[in-house]
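Since the structure comes first, as structure tokens, the remarks are kept for the end.
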Amino acid sequence: MAGNEWINGYLEAILDTGSGATAIEEHKPVSLNLRETGHHFNPTKYFVEEVVTGVDETDLHRTWLKVVATRNTRERSSRLENMCWRIWHLTRKKKQLEWEEGQRLAHRRWEREQGRRDVTEDIEDLSEGEKGDALGELAQPETPRKRFQRNLSNLEVWSDDKKEKKLYIVLISLHGLIRGENMELGRDSDTGGQVKYVVELSRALARMPGVYRVDLFTRQVASPEVDWSYGEPTEMLSTMCSEDDDGNGNEMGESSGAYIIRIPFGPRDKYLRKELLWPFIQEFVDGALAHILNMSKVLGEQIGGDRPVWPYVIHGHYADAGDSAALLSGALNVPMVLTGHSLGRNKLEQLLKQGRQSKEDINSTYKIMRRIEAEELSLDAAELVITSTKQEIEEQWGLYDGFDVKLEKVLRARARRGVNCHGRYMPRMVVIPPGMDFSSVVEVQEDAPEVDGDLAAITGGIDGSSPKAIPAIWADGVFINPALVEPFGLTLIEAAAHGLPMVATKNGGPVDIHRALNNGLLVDPHNKEAIADALLTLVSDRNLWHECRKNGWKNIHLYSWPEHCRTYLTRVAACRIRHPQWQTDTPLDEIPQEESSLNDSLKDVQDMSLRLSVDGEKSLLNGSLDYTAPASADPVQDQVKHVLNKIKKPESDSTDNKEVGKKTLDSVASKYPMLRRRRRLIVIALDCYDSKGAPEKKMAQIVQDMFKAIRSDSQIAKVSGFAISTAMGVSETTEFLKSAKIQVNEFDALICSSGGEVYYPGAYTEDGKLIPDPDYAYHIDYRWGVDGLKKTIWKLMNTPEGGPESSKSSGVIEADDKSSNANCISFLIKDASKVRRVDDLRQKLRMRGLRCHLMYCRNSTRIQIVPLLASRSQALRYLFVRWRLNVTNMFVVLGESGDTDYEELISGAHKTLIMKGVVEKGCGELLRTADLRDDIVPKESPLIGFVNANAKVAEIANALKQLSKASVGM
């Protein structure tokens, strides 16, 4: 073949079977330099053995068709050569990516083992059995059935006697288009099986005994691209029933049932794919929080005896909803449950194996790093993670920093025995297969006596529809699923429901299905003879075939929606049920609700200065209120009088009783801050610090300018309050204010220690000294392992990678006792060039079972660690939940950079005013290796405004006025 000598060379190499010129030794990385001329290197043989035989040619099919269609010999030869070199470069890139991924996985395994060793050292009182698990030794084998029985032995199964519970459950599924009827499944990649699953789960849960209301939160979309129904704020999923009409003895009320609640976040007039929703997650959280607070009050009036009915659980579906559920769970202090559906690390691993895209390209397309971080955060906060199979636990969740199968067993064993885990925690993983609707299936009449009616009990469907007869095609046969790996195996359950025995792969979900149904045989998908033998066995042995069929029908109820929900509620009930502490410990806190009612009745009154507190104190803003004044003909005054009459007064009119009453009311008033009377809150969160971490003088001037800007409008001033949010401790904060000649009582709230403590000047005091909000301290105490964190942070920061621990005198950090307190660990940074980034520290802490919120602050002079549920942004949500000061009425003042928690303060439903040029140097370079800011903070938002550092008071006031007109979704 003239002109094709290079092809002849490769053909000769193919025919050459000699083994002396092998380019790559097995299991060893190769040099990718094409100019390498080693003694044993044969580029032609290398091309054949390592490129042509290993490449996936499907992407090159079109090119090959063009080559075949080319008649000109020279052009055809040229195209064929170009095609081969494309294969060469593609495979070379794939080899490089595989080698890099192999190195990363090896390093990760080393870090995992190092983390386990550290845990073993820190937990001194391990039992002998636990030591084996911690060090990676295998425990004695246990049959799956025994393990299943042991796991459920101590759980009280959810039953009909739970109907008096009247639970409120929140589900979250953000992406895709969700509605109850005529679901557009397959419309796009986001509107698929998950949409159908969460809708059916909502309906099924609402029908369970003890469940009063289920809210399914999703995104509101009012776009011409989609149907108008996706813009409706509320959609009822289950029909309203009268008492006992739901079939489970549930007492149905005005707000009972299942609902889709659509929350606006992001651009309301655009339908966004899930990869573009990340910057708007915090907007959703704030909107959902407002709905939950309103609903908890409504349900309290209906079924809670006028006490708020908090969500029993918040359940996030997929990474974006998991991130949201973690923040909502932290803001409300209620348990969180997570279902991953599909996982980012697993997808990243599969995409890298294909070798077509680099990690950076994959992240650009799928926002995969943001998704993985959301999944890690979800693991931090989740009480329970629901999976479909054990394979999902071991092979998918096992890829995450926040979950270690072996360490989880150790910590769970210690918890069962009541032994201290020193703040370490791993979420509980449970297998609950997805429920199915068997309404299209009825049992064959001839087998009815043998099935015991189990199938008939579940074929009515969730909505009570009539069952249909089995199609004739299912009358006989065997269903086979020989996939190499089957994550779950929904088709196997459907086949069992239709009476077909199964032959299925032994890799993945079919193992769990076979254990439950016992209706077929498992095979090795690589063994053709085994597959053939299994099929022949079932079709030739009629007794075995009928037994498998009967077993499938008998046990299929295990995959029905009622069974799924029963197992679900049983598992959730075993979690540590948490609710806001003040619900029971501060009974007088119910009185501000009356004040709120008064405020609502005066919404249309022009003089908004009228503010009444529970103790009946007179307004100090605009005159006084005379309790003894005669009734007025004015209807507004009648409303005021009506509310005032509801306030409890002393039974006796004696002077002594009046004095006692006055003292009691004064005491009550001192317990509650002015925040509950505010309609607007200005939060100053500027991180202006010098090289030593001390606040700069210009911050004091900005605070004064903010005061002047707000007070320039008397009407706004009457309803506005101030808060300061800082990494400084309370003593340092008060010292700074004193040096700036600013009264601490000018602020309604002080958020100190990076969100570790909240103070209310003028309210929570003892002998003239500020004391932290005890309810907030209880609120954030969840999973706070202060002792384990202190020791681990010290060791990680003062130990070079793979080296010995440094001495205290030469270490990277040292204790900062002045800034530390019960809910904040603070260290001074001696050498900022040697510290680890936040994402690196988070990874190592998660591998050791430690959950927290850590940040570099004060111009990179300190690192602070606060509880997982604490942060400066979450503290604002706490103020919303505790004092009903809506986040949408908060204005957060920031610089262009700040501490590493800076990004969290920008996003959300609050208004953000960024002052350019105020903060000269922040800590952003210590946050993470990859830049994910565009996936966390929206590039453009009507809720974000800007002013220059030298802006005058009038300019600041105007910027705040313009921001006040903005709303979410504009």
If you round to the nearest 0.5 Å, how far is [atom2] of [Y] from [atom1] of [X]?
X: R783; Y: E383; atom1: CZ; atom2: CD; result: 5.0 Å
X: R424; Y: D118; atom1: CZ; atom2: CG; result: 8.0 Å
X: M890; Y: R678; atom1: CE; atom2: CZ; result: 13.0 Å
X: R884; Y: R676; atom1: CZ; atom2: CZ; result: 13.0 Å
X: R711; Y: M706; atom1: CZ; atom2: CE; result: 13.0 Å
X: D748; Y: E746; atom1: CG; atom2: CD; result: 10.0 Å

Next on the checklist: Before you tell me yes or no, could you show the steps for D401 and R842 under side-chain contact (heavy atoms from CB on, under 4.5 Å), namely the whole-Å CA-CA distance, both residues' side-chain angles and the distance that decides it to 0.1 Å?
Outcome noted: CA-CA 9 Å; D401 305 327; R842 279 179 183 164; over 6 Å; no
Checklist entry - Relative to the ring of F747, is the ring of F722 parallel (under 30°), tilted (30 to 60°) or perpendicular (over 60°)? => result perpendicular
Checklist entry - How are the rings of F827 and W794 set to each other: parallel, tilted or perpendicular (split at 30° and 60°)? => result tilted
Checklist entry - Is there a side-chain contact (heavy atoms from CB on, under 4.5 Å) between T792 and L845 once you walk through the steps? => result CA-CA 8 Å; T792 305; L845 290 173; 3.8 Å; yes
Are [X] and [Y] side-chain neighbours, meaning at least one heavy-atom pair lies under 4.5 Å?
X: L841; Y: V838; result: no
X: F891; Y: V683; result: no
X: V758; Y: L750; result: no
X: C688; Y: K697; result: no
X: L854; Y: Q864; result: no
X: R872; Y: D899; result: yes
X: V385; Y: P427; result: yes
X: M855; Y: Y902; result: no

Tell me whether [X] contacts the main-chain N or O of [Y] through its side chain, where contact means a donor paired with an acceptor under 3.5 Å.
X: E376; Y: G402; answer: yes
X: H779; Y: P774; answer: no
X: D839; Y: T929; answer: yes
X: T734; Y: S731; answer: yes
X: N294; Y: A290; answer: yes
X: D931; Y: R933; answer: yes
X: T900; Y: Y856; answer: yes
X: E283; Y: G266; answer: yes
X: N798; Y: I813; answer: yes

Hey, are [Y] and [X] close enough side-chain-wise for a donor-acceptor pair under 3.5 Å?
X: S753; Y: N823; value: no
X: H291; Y: D215; value: yes
X: D817; Y: S820; value: no
X: R680; Y: N889; value: no
X: Q874; Y: R877; value: yes
X: T726; Y: Y689; value: yes
X: Q701; Y: D705; value: yes
X: Y400; Y: E375; value: yes
X: Y760; Y: D773; value: yes
X: T861; Y: N859; value: no

Next on the checklist: If you apply the rule side-chain contact (heavy atoms from CB on, under 4.5 Å), what do you find for F217 with S324, and how did you get there?
Outcome noted: CA-CA 11 Å; F217 286 85; S324 306; over 6 Å; no
Next on the checklist: I want to know whether Y878 and Y776 have ring centres closer than 6.0 Å.
Outcome noted: yes
Checklist entry - Quick one: are the ring centres of Y425 and W784 less than 6.0 Å apart? => result no
Next on the checklist: Tell me whether K698 at atom NZ has more than 12 heavy atoms from other residues, nucleotides or ligands lying less than 6.0 Å away.
Outcome noted: yes
Next on the checklist: With salt bridge (Lys or Arg N to Asp or Glu O under 4.0 Å) as the criterion, how do K367 and E373 come out once you've worked through the C-alpha distance, each side chain's angles and the decisive distance to 0.1 Å?
Outcome noted: CA-CA 10 Å; K367 309 298 181 185; E373 179 53 35; over 6 Å; no
Let me have the donor-acceptor pairs involving side chains of residues 907-920, under 3.5 Å, with sequence neighbours excluded, atom names and distances please.
{"residue": "S907", "atom": "OG", "partner": "I936", "partner atom": "O", "Å": "2.9"}
{"residue": "H910", "atom": "NE2", "partner": "L905", "partner atom": "O", "Å": "2.7"}
{"residue": "H910", "atom": "NE2", "partner": "T912", "partner atom": "OG1", "Å": "3.3"}
{"residue": "K911", "atom": "NZ", "partner": "T888", "partner atom": "O", "Å": "2.7"}
{"residue": "T912", "atom": "OG1", "partner": "I906", "partner atom": "O", "Å": "3.0"}

Next on the checklist: salt bridge (Lys or Arg N to Asp or Glu O under 4.0 Å) for E732 and R858? Distances and angles first, verdict last.
Outcome noted: CA-CA 12 Å; E732 296 169 292; R858 301 174 69 170; 3.2 Å; yes
Checklist entry - Are R862 and D816 close enough, and set up right, to give a salt bridge (Lys or Arg N to Asp or Glu O under 4.0 Å), and what steps lead you there? => result CA-CA 8 Å; R862 287 166 177 79; D816 179 16; 2.9 Å; yes
Item to check | Positive for side chain to side chain contact (heavy atoms under 4.5 Å, CB included) with V887, one of L879, D286, V881, L681 | outcome: D286
Next on the checklist: Pair L789, D787 - check side-chain contact (heavy atoms from CB on, under 4.5 Å), show working.
Outcome noted: CA-CA 5 Å; L789 282 165; D787 294 331; over 6 Å; no
Next on the checklist: Quick one, D840 with K844, criterion salt bridge (Lys or Arg N to Asp or Glu O under 4.0 Å). Give me CA distance, side-chain angles, the key distance, then yes/no.
Outcome noted: CA-CA 6 Å; D840 183 32; K844 289 175 170 54; 2.6 Å; yes
Item to check | Shortest non-hydrogen separation from A966 to P942 and the atoms involved | outcome: CB-O, 3.1 Å
Checklist entry - Quick one: does NZ or CZ of R882 land under 6.0 Å from the six-membered ring centre of F880, within 45 degrees of the ring axis? => result no
Next on the checklist: Would R219 and F284 count as a cation-pi pair here, with the cationic atom under 6.0 angstrom from the ring centre and within 45° of the axis?
Outcome noted: no
